[in-house]
Amino acid sequence: MSSVLPVLCGAVLLGAPGYLMLCALDVRLRLRWGWAPAVTVLMTVVLGALFRVLGIRWTLLSAVIGIVLLVALTAVARLALQRRTARRLTTSTSTSTSTSTSTSTSTSTSSSIGVGVPAPQDWSRGTAAAVTGAAILSGALVVASAARRMGGISTLNGSFDSFFHLSAAAFIRERGDASFTTALSDIYGEPTFYPVVFDDLVAILPFDVITAANAMMLAMLAAIPPAVAAMVAGVSWPARSTPLLVALSAGAATLFLSTPAMALVMGLWPIVLGVVCLPPAIAAVLMLTDRRHGAPGVGTVAGLVLIVIGTALAHPSVLFSVAVVAGLRLLAGGIERMLGGGRLRGLIEVCAALAAAVLFVAGSHVLLSGMALTKPSLDGVGSVLREILLDSPRIPAVPALLWPMAALWILAVIGAAAAVRSREVLGATAALGLLASLMLGVATQIDHPLAVALVNPWYGARERIAPLMMCMLVLLMARGLLTLLEPGGRRRRSLPGALAVGAVVVTVLIALVTPQRLPLMGSLAYTAYGVQLTPYVTSEERSFIERTAQELPEGSVVLADPLDGATLYWSVGGVETVFPTMSRPLTREKTLIAHYAHRAGTDEASEELCRALESVGPTHLYRDTSEASGQRINPEDSERWRGVHDIPESRLTLVDASGPYALYELDPAC
């Protein structure tokens with residue numbers, strides 16, 4: 001199957017609901033497509049909860065109807081509010097002429113209802129279309145490069161986390177429940193909070209689960225350049241060259257590898273959705289504190305706050321990156337006030353920022369200690385810092401190349417110097433944010449309680465912190481380009497600006513086709529397993545599981561070590577499995593089965609074990625004895641299912657076999 005249609009469908013599902021809602025609200029924001037995913041996330045959560053309460057199944061049809069109704073009701077409410085405001089203004093204005101009253105009413109209504117901060121220099125339609133096209137093209141080129149070695153849109157991602165999300169999407173599709181707390185109850189054994197928006201969207205794409213997950217993953221990668229462009233457009237410095245800066249920012253977003261690594265290699269798809277929403281959320285925070293155009297109105301504040309909420313709902317850990325920017329904006333603003341003569345208010349803001357930082361660390365140490373899940377790299381601090389600066393993920397097969405990031409860092413240094421010299425709060429915030437992201441990245445390698453507390457919210461993984469660096473670095477790059485492009489009207493300096501623009505463009509174009517970057521990344525968990533990881537499921541095993549799943553009678557329940565790939569019986573074959581994910585058993589009943597299933601029918605079998613087997617009701621057993629079996633590639637984790645491994649042959653009747661893969665009918669023996 002060609003990947004074009006599935007990815008296009010994924011992009012439409014990710015962006016269109018939010019875009020339509022922004023139009024319904026008459027939001028005055030440049031590059032609405034960049035802001036749209038965060039709004040789509042918020043709408044998905046609302047509809048998922050509402051459908052759960054009303055007993056409506058989460059399907060493509062019901063979701064589309066719900067989106068249309070939400071957009072229509074929002075548009076009607078906005079128009080009603082506008083008319084009410086117009087009538088009130090008309091009634092209260094008695095001294096103006098008819099013409100001036102009409103003009104005043106129109107202007108007041110527009111400024112009170114819009115959600116965005118009005119731009120000082122409006123773009124023409126042609127300029128807006130060109131910048132939007134450049135941002136979308138940048139995303140499309142990322143997809144084309146990343147998908148080049150994936151082996152096709154229906155190729156299975158062999159990473160650990162992908163199996164969880166394939167099962168999660170299959171559960172939501174089967175159960176019709178998209179609620180945040182109950183969608184994955186069958187996996188966790190009880191209502192449990194989980195950021196399921198990615199899985200919700202995958203579940204309603206009209207393709208098989210693997211194709212749908214790959215399509216949505218690629219659609220998210222395509223959405224990152226428009227999101228970064230939207231951030232720069234929302235907060236950038238007013239200048240004639242702003243459209244060019246925004247377009248180049250979209251291109252620069254394609255140079256960062258940590259997020260593609262999380263998407264293509266690690267299967268961390270919900271956090272990638274959070275990264276898509278991060279740039280607009282950062283812009284929202286900076287716009288809420290921007291006073292260049294006066295204090296934002298109620299509509300502006302409400303809209304931008306909803307963007308931040310949508311980002312948090314995409315993945316909560318991303319909210320901490322937004323919080324870092326908010327705290328640093330408060331710190332930079334306080335310092336600027338102190339230097340400008342407002343010492344008392346500035347001191348209060350600085351103290352508030354520092355107090356927030358202390359509370360952040362203390363709260364992380366107390367409440368988030370269980371999130372320190374990532375082992376530090378064995379490399380030295382110097383090597384790690386170099387990899388962080390170059391945004392090279394912890395994947396040995398991916399080289400940490402200097403040249404793709406060199407132009408961005410040079411321009412960022414120029415931009416930071418210009419911002420500090422001009423005492424610009426925005427530039428100072430970006431510079432502080434860049435330094436903070438580097439410090440947080442290095443802290444992931446330090447085994448000290450303070451360092452661990454700093455990075456707990458990001459699971460101790462520098463790839464999750466890297467998107468913050470990306471946003472800050474691109475903002476400073478744009479500021480550096482502005483310095484070279486518009487140097488106070490001295491035409492002799494136009495050549496450096498042209499050279500800088502050329503350097504960024506050439507770097508982007510070369511980096512997108514360089515085999516050691518996105519094309520390599522796209523192969524590591526899909527086709528080139530030997531370079532990076534051993535697959536949990538080979539193509540032969542997947543074929544066996546798909547075939548035998550179709551032959552099993554209705555009501556069958558497959559028992560197996562999930563590290564043997566048996567989760568595909570549920571996510572691909574639609575057959576219930578005892579362990580639908582490769583995570584540890586999450587209920588007491590399933591833990592008993594995992595540890596002691598082999599004791600059934602013997603004197604060692606407890607009544608509790610028999611009750612668990614009767615409740616879960618396994619009817620078949622799947623075994624993988626190949627070199628890629630769970631016991632071979634991950635013996636320590638596979639030990640959790642030792643009771644499943646040791647079920648005696650006397651309780652098994654062979655149903656089908658192909659090489660090292662076999663399916664048996666199981667006698668529960670209790």
Between Arg462 and Glu387, is there a salt bridge with N-O shorter than 4.0 Å? yes
Can you find a heavy atom in the side chain of Val142 that is under 4.5 Å from one in the side chain of Leu512? yes
Quick one: do the Ser321 and Trp458 side chains pair a donor with an acceptor below 3.5 Å? yes
Nearest 0.5 Å, what's the CD1-CE distance between Ile271 and Met266? 11.5 Å
If you look at every heavy atom in Ala252 and Val508, which pair is closest and at what distance? N-CG2, 4.1 Å
Ser364 side chain to Phe360 main-chain N or O, any donor-acceptor pair under 3.5 Å? no
Is there a donor-acceptor pair closer than 3.5 Å between any side-chain N or O of Thr527 and the backbone N or O of Arg149? yes
Just so I know, are the side chains of Pro399 and Ser392 near enough to count as touching, which here means a heavy-atom distance under 4.5 Å? no
Cut-off 3.5 Å, side chains only: do Thr44 and Asp200 have a donor facing an acceptor? no
Applying the side-chain contact (heavy atoms from CB on, under 4.5 Å) test to Leu319, which of Leu278, Val308, Val324 qualifies? Val308
Testing the basics here: between Pro280 and Trp35, what is the closest heavy-atom pair and its distance to 0.1 Å? O-CZ3, 3.4 Å
Cation-pi geometry met for Arg464 and Tyr459 (6.0 Å, 45°): yes
Pairwise side-chain contact, Val272 with His315, heavy-atom cut-off 4.5 Å (strictly under): no
What are the two closest heavy atoms between Pro580 and Phe171, and how far apart are they? CB-CE1, 3.5 Å
Would Thr311 and Val41 count as a side chain to side chain contact (heavy atoms under 4.5 Å, CB included) if you check the C-alpha gap in whole Å, the side-chain angles of each, and the deciding distance to 0.1 Å? CA-CA 8 Å; Thr311 301; Val41 168; over 6 Å; no
Can you tell me how far apart CG (Leu257) and CG (Leu401) are? Round to the nearest 0.5 Å. 8.5 Å
Please check: side-chain N/O of Ser145 versus main-chain N/O of Leu518, any donor-acceptor pairing under 3.5 Å? no
Provide the closest heavy-atom pair for Leu255 versus Ala511 in the form atom of the first, atom of the second, distance. CD2-CB, 3.4 Å
Does the side chain of Val398 come within less than 4.5 Å of Leu524's, by heavy atoms? yes
I'd like to know whether Met216 forms a side chain to side chain contact (heavy atoms under 4.5 Å, CB included) with Val7, so could you lay out the CA-CA distance, the side-chain angles of the two residues, the decisive distance to 0.1 Å, and finally the verdict. CA-CA 7 Å; Met216 184 55 66; Val7 174; over 6 Å; no
So His165 and Trp269, would you call those rings parallel, tilted or perpendicular, with 30° and 60° as cut-offs? tilted
Judged by modelled atom types alone, do Arg329 and Thr429 share a side-chain donor-acceptor pair under 3.5 Å? no
Please confirm whether the backbone N or O of Gly18 pairs with a side-chain atom of Arg32, one donor and one acceptor, at under 3.5 Å? no
Is it true that the side chains of Asp199 and Tyr194 contain a donor and an acceptor less than 3.5 Å apart? no
Is it true that atom CZ of Arg423 has more than 12 heavy atoms of other residues, nucleotides or ligands lying nearer than 6.0 Å? yes
Can you confirm if the aromatic rings of Phe180 and Phe193 lie within a centre distance of less than 6.0 Å? yes
Please tell me if the side chains of Pro225 and Thr254 come closer than 4.5 Å, counting only heavy atoms from C-beta onward. yes
Could you point out which residue of Leu568, Leu563, Thr567 forms a side-chain contact (heavy atoms from CB on, under 4.5 Å) with Val537? Leu568
Under the 3.5 angstrom rule, does the side chain of Thr155 hit a backbone N or O of Gly152 as a donor-acceptor pair? yes
Any donor-acceptor pair under 3.5 Å from Ser383 side chain to Asp379 backbone: no
Interatomic distance, Ile510 atom CD1 to Arg517 atom CZ [nearest 0.5 angstrom]: 11.0 Å
Test item: Met521 and Gln516 side chains (from C-beta on) under 4.5 Å apart, heavy atoms: no
Residues Ala135 and Ala250: closest non-hydrogen pair is CA-CB, 3.7 Å
Assess, by modelled atom type and distance only, whether the side chains of Ser629 and Asp564 contain a donor and an acceptor separated by less than 3.5 Å. no
Residue pair Ser159 / Asn157, side-chain donor-acceptor N/O under 3.5 Å: yes
Heavy atoms only: give me the nearest Val350-Gly334 pair and the separation to one decimal. CG2-C, 3.8 Å
Measure from the side-chain N and O atoms of Thr289 to the backbone N and O of Leu286, and report whether any donor-acceptor pair falls under 3.5 Å. yes
Value rounded to 0.5 Å, distance of CE in Met439 from CD1 in Ile388: 11.5 Å
Distance, nearest 0.5 Å, that separates CE of Met582 from CZ of Phe163: 5.0 Å
Between atom CG of Asn634 and atom OG1 of Thr534, what is the distance when rounded to the nearest 0.5 Å? 10.0 Å
Do side-chain atoms of Thr192 reach the backbone of Tyr188 as a donor and acceptor pair under 3.5 angstrom? no
Do any N or O atoms from the side chain of Glu463 and from the backbone of Thr259 form a donor-acceptor pair under 3.5 angstrom? no
Go through it in stages, so that I can follow the logic: the residues are Met220 and Phe198, the test is side chain to side chain contact (heavy atoms under 4.5 Å, CB included), and I'd like the CA-CA distance, side-chain angles, deciding distance and then a yes or no. CA-CA 10 Å; Met220 291 189 302; Phe198 172 83; 3.5 Å; yes
With side chains defined as the heavy atoms from C-beta onward, is the minimum distance between Val131 and Leu244 less than 4.5 Å? no
Counting N and O atoms only, with roles assigned by atom type, does the side chain of Ser437 sit under 3.5 Å from a partner on the main chain of Leu434, one being a donor and the other an acceptor? yes
Go through the steps to decide whether Lys375 and Thr444 satisfy the test side chain to side chain contact (heavy atoms under 4.5 Å, CB included), and finish with yes or no. CA-CA 8 Å; Lys375 296 179 181 179; Thr444 62; over 6 Å; no
Validation row: Ile224, Phe256 side chains within 4.5 angstrom (heavy atoms): no
